[in-house]
Amino acid sequence: MNMNVSRRHVLRGLSLLIGVAALPRQLFARATGAFQAKEVDQVMQQLFGDLPVTLSDQVILKIPSIAENGAVVPVTVSSDVAGVEAIYIVIDANPNPLSATFELGATSPADVSTRVKMGQSSMVRGLVKTSDGVLMAQQEVKVTIGGCGG
Amino acid sequence: MRLLRLYQTGPLAARVSGRCGMTAVVLMLVGGLLLSLNAPDSQAESPSAEAVLAQAISVYDAAKARGHAWVMTRDGLAKAQGLLDAGDAPAALVVAQQALETAEASLRQADIEAKSWQARVPK
Amino acid sequence: MLNRLMIMSLLLAAASLRADPPSDLKAFRAFFEQRFANIEIDDHRDGAYALDAAKREQWLSMEDFPPYEIAIEAGEALFAESFADGSGYVDCFENGGMGVKQTFPRFDVGANTVQTLELAINECRKAHGEAPLDYASETMGALTAYMAYTSRGETFAITVPPEGLAAYNEGKAFFYARRGQLNFSCAGCHVASAGGMLRAEILSASVGHATHWPTYRLKWEQVGSLHKRFNECNEQVGAEGLPEQSASYRNLEYFLSYMNNGMTLNGPASRK
Amino acid sequence: MAVKPVKMRGKLAEGVAEIKALMPHPMETGTRRTEAGELIPAHFIQEVMCEHNGALVLRAEWGTSVSKNPYFAFKVAEAKAGDEVVIRWLDNLGETSEGRLTLK
């Protein structure tokens with residue numbers, strides 16, 4: 001794994017050259033380890049240390065309650081709260097719960113969408129990190145096998 | 001004397017209900033009843049695996065020609081052939097016998113459906 | 001009393017005699033209009049997504065930037081490639097192959113068989129000295145996705161000439177006959193139980209089943225043909241699936257497409 | 001496998017650009033097997049860099065659970081017609097590709 005970690009530093013070095021003032025420096029190259037974690041609490045520990053994580057309705061997690069297909073589950077995480085630095089998507093029951101991290105520039109609106117894979121029914125979490133803590137929304141998503149054993 | 005054998009619907013129904021809803025299981029039981037008890041009561045010692053397999057293949061082909069081949073028969077024939085190739089004739093006979101029975105059931109399905117499909121067309 | 005019985009039997013006999021394609025279509029559409037009184041027939045071209053709001057919303061978020069878009073682009077490039085002899089697909093189809101998918105499948109009187117778009121593509125290639133494509137290949141999927149895209153908004157215009165009646169009726173018999181170890185028929189789930197549930201699945205109506213092919217199924221993670229779907233569904237009810245473009249499946253597509261006559265094409269589409 | 005460009009679409013409204021992207025990529029987790037049973041090696045996009053007129057405005061890191069042909073949508077503030085938005089991805093095998101969009 002270290003081969004591509006060093007490449008990441010090279011790329012980051014490059015991006016530093018092309019004026020990356022928009023992104024706070026200390027957010028870089030921190031999440032790699034969390035992607036290997038197998039348990040949700042390990043992920044949380046790696047990402048946030050002992051920062052408190054509080055459930056909040058200021059974080060909007062848009063994801064279907066029954067997934068049409070576990071291979072392609074549309075998910076959106078957004079928040080209007082001020083000072084959002086990063087957004088995270090965590091899928092508890094996946095082999096590696098941390099699915100994606102999004103580090104935002106100072107002016108970037110906190111609203112990201114993608115499509116994720118879910119091996120089985122699971123709790124899905126959308127987390128938003130601000131300068132004064134971590135807010136979270138969560139929802140149980142069911143993944144069903146096709147009708148006729150499909 | 002060949003044992004009278006009622007087609008075991010037990011394992012079949014269990015596998016099916018795992019795959020489909022209750023309606024499927026009920027239908028299956030109805031399907032199971034289609035398999036009339038036709039154990040040929042020939043007095044000769046039990047036929048060889050090769051003979052039963054050959055018969056099963058011919059019935060399977062007849063049903064396939066009418067578009068009514070079953071996955072279970074196809075897989076049973078392959079399994080029986082594999083067991084034969086591996087020299088396990090007794091096991092091959094059991095599997096070939098099952099494949100013959102499902103092949104015969106699929107042929108009966110073809111006969112029944114040839115007459116009954118018209119009734120389902122919306123008028 | 002006697003003559004009323006006589007009249008009844010005559011009427012019944014007449015009704016069953018008049019089972020020709022147009023009257024089949026009328027009865028087929030009437031069934032679904034009655035079964036889904038608040039849904040326009042044409043809306044069924046979105047399948048189960050016309051029957052359930054939550055599923056539809058999730059589907060629409062997929063259609064936002066649909067996964068089949070990559071296939072359409074690839075298909076456009078493939079369609080433009082010329083054959084070794086300098087000609088191309090444009091020379092095989094009327095209107096250069098643009099906006100023609102709604103006229104397929106057709107009955108090829110000369111070859112006395114049902115000609116689907118996939119068959120016509122391979123016939124075109126063979127006529128120009130090119131090797132035919134594997135029907136299940138991504139190349140065939142991309143080509144038909146592009147041609148379907150150019151037919152979006154057109155309405156199905158399937159015709160059954162007298163010579164094609166036998167093929168139409170074989171497709172019809174296949175559609176209504178029970179098959180496989182589960183003893184299910186296409187009609188059992190998609191006509192009689194249309195709108196009902198099978199485990200976690202909503203059974204979509206057959207009216208609208210032919211309008212949106214080829215289709216990117218999330219399960220396949222690629223664009224696939226209607227025949228691939230026929231094969232998969234047959235296998236799931238324990239019936240041995242047939243190869244793509246086999247005669248039975250072409251006849252079934254012929255009947256099913258005729259039952260979707262007048263509906264708007266909306267292929268390629270994405271499904272679960 | 002030829003690396004394909006990122007397909008992008010943008011909608012500009014009151015200074016905020018809604019960017020949508022589709023990145024053709026197999027996104028193999030490394031746990032899938034071929035029909036013959038061989039393990040398909042991991043091949044997935046690890047990093048996505050989004051720039052607005054040259055300035056990095058969003059940097060994403062992805063694990064193996066992002067779907068095949070990833071879809072990614074985000075917003076860019078203080079945007080106006082003529083601005084350029086670039087999306088560049090890097091995968092675990094060192095392949096990279098990008099997409100450029102001029103806002104209208």
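What you see below is based on every heavy atom in this structure, not just the backbone, and it leaves out hydrogens, waters and symmetry mates. A note on names: the letters A, B, ... follow the listed sequences, proteins ahead of strands, and every chain is numbered from 1.
Other residues, nucleotides and ligands contribute only 12 or fewer heavy atoms inside 6.0 Å of the NZ atom of D/K104. Under a cut-off of 6.0 angstrom, the local environment of CG in A/L51 is crowded, with over 12 non-hydrogen atoms contributed by other residues, nucleotides or ligands. The number of heavy-atom neighbours closer than 6.0 Å to CD of D/E78, taken from other residues, nucleotides and ligands shown, is 12 or below. Atom CG of A/D41 has more than 12 heavy atoms from other residues, nucleotides or ligands within 6.0 Å.
Here D/A60 is the residue among D/A21, D/C50, D/A60, D/P70 with the most heavy-atom pairs under 4.5 Å with chain A. Each of A/G119, A/S78, A/A100 has some count of heavy-atom pairs under 4.5 Å with chain D, and the biggest count is that of A/A100.
Atoms NZ and OG1, from D/K75 and A/T107 in turn, are 14.0 Å apart once rounded to the nearest 0.5 Å. Here OG1 of D/T64 is found 7.0 Å from NZ of A/K117. Values are rounded to the nearest 0.5 Å.
A donor-acceptor distance shorter than 3.5 angstrom exists from the side chain of D/S67 to the backbone of A/A71, with no hydrogens or angles considered. Remark: side-chain polar atoms of A/S108 are not paired, donor with acceptor, to backbone N or O of D/V76 under 3.5 angstrom.
Contact annotation for D/L22: only side-chain heavy atoms (C-beta onward) come within less than 4.5 Å of a heavy atom of chain A. Neither the backbone nor the side chain of A/V75 comes within contact range of chain D; no heavy atoms are under 4.5 Å apart. Proximity to chain A (any heavy atom under 4.5 Å) is restricted, for D/K68, to the backbone atoms N, CA, C and O. Looking at A/D111, the atoms closer than 4.5 Å to chain D (heavy atoms on both sides) sit in the backbone and in the side chain alike.
Contacts of D/F74 classified as ring pair (Phe, Tyr, Trp, His ring centres under 6.0 Å), with partners at least two apart in sequence or in another chain: D/F72. For A/T130, the side-chain contact (heavy atoms from CB on, under 4.5 Å) criterion is met by A/V81, A/V84, A/V128, A/D132, not counting sequence neighbours.
In this structure, A/E103 and D/E61 approach most closely via the heavy-atom pair OE2-OE2, 4.4 Å. Nearest heavy-atom pair, A/F102 versus D/W62, reported as atom, atom and distance to 0.1 Å: CE2-NE1, 3.6 Å.
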